[in-house]
Amino acid sequence: MEFTKELLWGKIMGASSTKKWWKNSIVYQIYPRSFCDSNGDGIGDIPGIISKLHYLKDLGVDIIWLSPVYCSPGFDNGYDISDYKNINPEFGTMEDMDKLICKAKRMGIKIIMDLVINHTSDEHEWFKKALAGDPKYRGYYYFSQGKGIRPPNNWGSFFGGRAWTKTSKGDYYLHLFSKKQPDLNWHNPEVYDEIVDVMRFWLDKGIAGFRCDVINVIYKNSLENGRWRPILKGREHYLNTEGCHKLLKQFNKEVWSKYKTFIVGETVFVTPEDAKLLADESRGELDTVFFFEHMDVDSRGVKWFKKQYRPYQLIKIIDKWQTSVEVPANYLENHDQIRSVNHFGNIGKYWEQSAKLLCGLNLSLRGVPFIYEGEEIGMTNGDFRSLRELKDVESHNINKAMKRLLFVHSLRKKLILQTSRDNARTPVQWDDSEQAGFTTGKPWLKVNANKSYINVKAESENENSIFNFYKGMIDFRKNSVALSDGTYRRVASPSDVYIFTREAKEERLYIYCNLTATNKIVEFYGDKIVFGNYASEEQKDGYLKPYEFRIIAANI
Ligand code: TEU
Ligand code: CA
């Protein structure tokens, strides 16, 4: 068998050198709208989060990443901020927020907040004043005259359509996302001062850092036309610009380093080379970045057009990032992606095994693992039947764009339902009651009918559940120097099987991931099986069962 030789190992990647407090943390993302509703209005809220802190502690969470809770008209569920220093009344009050920070702190849980500074809401005071003609605030955004009957340039929006919208005065403003999200002008030092003030406001309240939304697009080099490409024309004028690096260095030096924060950047279209420039400790910019290459393993350039998912391609991508960046931010899900069991696993016969496998994989890699709400119980994509059930602005904009391209309804429906961001935004399933214990009212987005068996209550009571597998795996990682702090190296393996080692001084672990629904013959190294998702069965004969995950320890 050509894969048997341990000699065929890939590049070895050392443990990261950072000694920062967050380096061995488990991060859990909360999408507040869908997490837990305390007052029956159908919308998750901060008191709801407080009521689940013990649950998160019990799971083993160290850091919560809280998606936006700031004031917002909610056209992009909070990623359109109208007041950075106040709480959206739908989610509670500033007192609730202070209570959350304080209670979490007492339990040893830190909170990082989403920092959305590429754009504000068009309902932000700044933008309203700008529209009213106040020159100071016009300078906070990008306003420009069109070219004849056309917008100022040919840039495209991330949500489909043009990146410019005409004002009632006849000029245009720039928005890389929806027209309700005008882009801030980061050439303006007043914008810098405003946002630094916002950061300090929250850090002074005891927040431990930020997840910086689309941070690598904030600084536009010019407003020239972009060169031709099928989507997002213009991006060469704003991706990873020198101006952006300069801003990050300044944020770091003047604010973040003073508060010893943890800063993760959401960075779109990045390569490992870009990521190194954005997040190497020596450069003093971000601590780590989210990359997207593995999320796009099954897309044909645009996520709406899918191709067959091939596990060996996923393995290749993960291995590449494991061996190139200092501290990878590892994740398989978030509020913008479909659920990982749908994406990389199996929602039929092997739902449970594949959800456990994905847990094992995510929590065995080098770097900081992120878990998205509901992932720990194996939640699946929403069971939407029609486009009308979707709420996401992106889905609706894409539907309009596809209509303009004359896509028939049945095709639009198929493409959008399988990829809509709402798939990951359905309410967290706490129990099997009518609204899954999420709310006593009518939920803002439909609860998945599979709450009857996919729910926290049932899984807490079953020691072999996905939930208890997560707990066990988190605990295992925390107690293993090899997993939390060791080197990483890929081992040669048959196609679609991922084998790698994690090794520290006195511990060498072999991690086996069968990413397929069939048995795979492999060579087993090491002596003792220490963790796995078929643990109750006798392990023998060089077979990995469908979606089997196994950790074997070597005597060294
Ligand atoms: O996402 C940025 C982003 O690139 C995604 O919206 C992406 O275009 C889409 O999900 C397709 O893959 C961030 C936030 O995570 C997202 O929720 C916001 O809508 C967006 O920024 C605008 O703030
Ligand atoms: Ca509520």
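Numbering of ligands and ligand atoms starts at 1, following listing order.
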Starting from [atom], what is the nearest protein heavy atom, named by residue and atom, and what distance separates them?
atom	result
atom 1 (O) of ligand 1	Glu266 OE2, 3.1 Å
atom 15 (O) of ligand 1	Asp336 OD2, 2.5 Å
atom 18 (C) of ligand 1	Asp76 OD2, 3.3 Å
atom 11 (C) of ligand 1	Lys303 NZ, 3.0 Å
atom 6 (O) of ligand 1	Arg421 NH1, 3.2 Å
atom 14 (C) of ligand 1	Asp213 OD1, 3.1 Å
atom 9 (C) of ligand 1	Glu394 OE2, 3.2 Å
atom 4 (O) of ligand 1	Val268 CG1, 3.4 Å

**Prompt:** Does ligand 1 have a heavy atom under 4.0 Å from the side chain of Arg425, from its backbone, from both, or from neither?
**Reply:** side chain

**Prompt:** Counting only heavy atoms, which portion of Phe159 has something under 4.0 Å from ligand 1: side chain, backbone, both, or neither?
**Reply:** side chain

When you check the gap from the basic side-chain N to the acidic O, do [X] and [Y] get nearer than 4.0 Å?
X	Y	answer
Asp422	Lys446	no
Asp213	Arg211	yes
Lys57	Asp62	no
Asp392	Arg421	yes
Lys205	Asp98	yes

**Request:** Give a rough value, rounded to 10 degrees, for the angle at the Ca ion (ligand 2) between atoms OD1 of Asp41 and OD1 of Asp37.
**Result:** 90°

Which of the atoms of ligand 1 are close to [X], meaning less than 4.0 Å from one of its heavy atoms?
X	result
His335	14 (C), 15 (O), 16 (C), 17 (O)
Phe158	4 (O), 8 (O)
His119	22 (C), 23 (O)

**Asked** Do Lys220's NZ or CZ and the ring of Trp155 fall within the cation-pi criteria of under 6.0 Å and 45°?
**Response** no

**Item:** Phe143 six-ring centre to Arg138 NZ/CZ under 6.0 Å and within 45° of normal
**Value:** yes

**Request:** Using atom types as modelled and distance alone, determine if a side-chain donor or acceptor of Arg412 lies under 3.5 Å from a backbone N or O of Asn399.
**Result:** no

**Message:** Tell me which N, O or S atom from Asp45 is the closest to the Ca ion (ligand 2).
**Reply:** OD2

Residue pair [X] / [Y], side-chain heavy-atom distance below 4.5 Å:
X	Y	result
Arg425	Asp336	yes
Lys303	Ile398	no
Val255	Leu203	yes

Would you say [X] reaches the Ca ion (ligand 2) with an N/O/S atom under 3.0 Å?
X	result
Glu90	no
Ile43	yes
Asn39	yes

**Prompt:** When you look at NZ of Lys129, are more than 12 heavy atoms from neighbouring residues, nucleotides or ligands closer to it than 6.0 Å?
**Reply:** yes

**Prompt:** Can an N or O of Gln337 be found at a distance shorter than 3.5 Å from an N or O of ligand 1?
**Reply:** no

**Message:** Check contact between His175 and ligand 1, using heavy atoms of the residue and a distance below 4.0 angstrom.
**Reply:** no

